Amino acid sequence: MYRPEAVKPILDADMPFYRPNGENDFEAILRATRDDENGELLGYGARRWSPTGGARVTIRDAAGNEQVFFVSNPAEAPHWAAERAADLEAYTGHSPEIEIVYPR
């Protein structure tokens with residue numbers, strides 16, 4: 001299941017990439033997922049798990065255990081890190097630690 005109001009603007013923003021053959025929303029999401037290029041659709045700010053030049057984001061709990069890891073566009077990494085940290089804090093009630101490693 002997906003939220004069309006959240007995904008459609010992303011799909012429509014880059015038609016040649018997401019809809020090269022005029023795919024509908026579901027077909028475009030399916031192709032991006034099969035091709036391992038759905039990170040942007042999932043809210044990580046980067047299409048692929050390890051894009052060239054991506055910032056690595058790690059979020060740890062109070063004990064230092066890794067809870068979340070993803071790769072994001074460097075300019076968007078702080079935003080997405082804060083979003084995911086807020087999700088974790090809402091779930092656990094504890095403030096997590098965010099580490100962002102930017103590409104050299």
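As the structure is a computational prediction, the values presented were derived from the model and not from experiment.
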Legend entry - Which residues share a side-chain hydrogen bond (donor to acceptor under 3.5 Å, both in side chains) with Glu66, sequence neighbours left out: none
Inset, instruction - Over all heavy atoms of both residues, which pair between Pro9 and Pro4 is shortest? Give the atoms and the distance, please. - result: CD-O, 4.0 Å
Inset, instruction - Check Pro78 against Ala75 and note the closest heavy-atom contact, atom names and distance. - result: CD-O, 4.0 Å
Inset, instruction - Return each pair, listed once, that meets salt bridge (Lys or Arg N to Asp or Glu O under 4.0 Å) where at least one residue sits in residues 11-20; pairs must be two or more places apart or across chains. - result: Lys8-Asp12, Asp12-Arg19, Asp14-Arg47, Arg19-Asp25
Legend entry - Inter- and intrachain pairs under salt bridge (Lys or Arg N to Asp or Glu O under 4.0 Å), touching residues 74-84, at least two apart: Arg84-Asp87
Inset, instruction - Check whether any side-chain N or O of Glu23 sits under 3.5 Å from a backbone N or O of Asn21 as a donor-acceptor pair, and report yes or no. - result: yes
Legend entry - Arg56 atom CZ, over 12 foreign heavy atoms within 6.0 Å: no
Legend entry - Rounded distance (nearest 0.5 Å) linking atom OG1 of Thr58 with atom CZ of Phe70: 9.0 Å
Legend entry - Nonpolar side-chain network containing Val7, other nodes, edges under 4.5 Å: Tyr2, Ile10, Leu11, Phe17, Tyr18, Phe26, Ile29, Leu30, Leu41
Donor-acceptor list for residues 94-104 side chains, cut-off 3.5 Å, not counting sequence neighbours:
from	atom 1	to	atom 2	distance (Å)
Ser95	OG	Glu89	OE2	3.2
Glu99	OE1	Arg60	NH1	2.9
Glu99	OE1	Arg60	NH2	3.4

Legend entry - Ala63: side chain to side chain contact (heavy atoms under 4.5 Å, CB included) partners, not counting sequence neighbours: Asp61, Asn65
Inset, instruction - Decide yes or no on side-chain contact (heavy atoms from CB on, under 4.5 Å) for Leu88 and Ile59, but give the supporting numbers first. - result: CA-CA 9 Å; Leu88 188 59; Ile59 302 175; 3.9 Å; yes
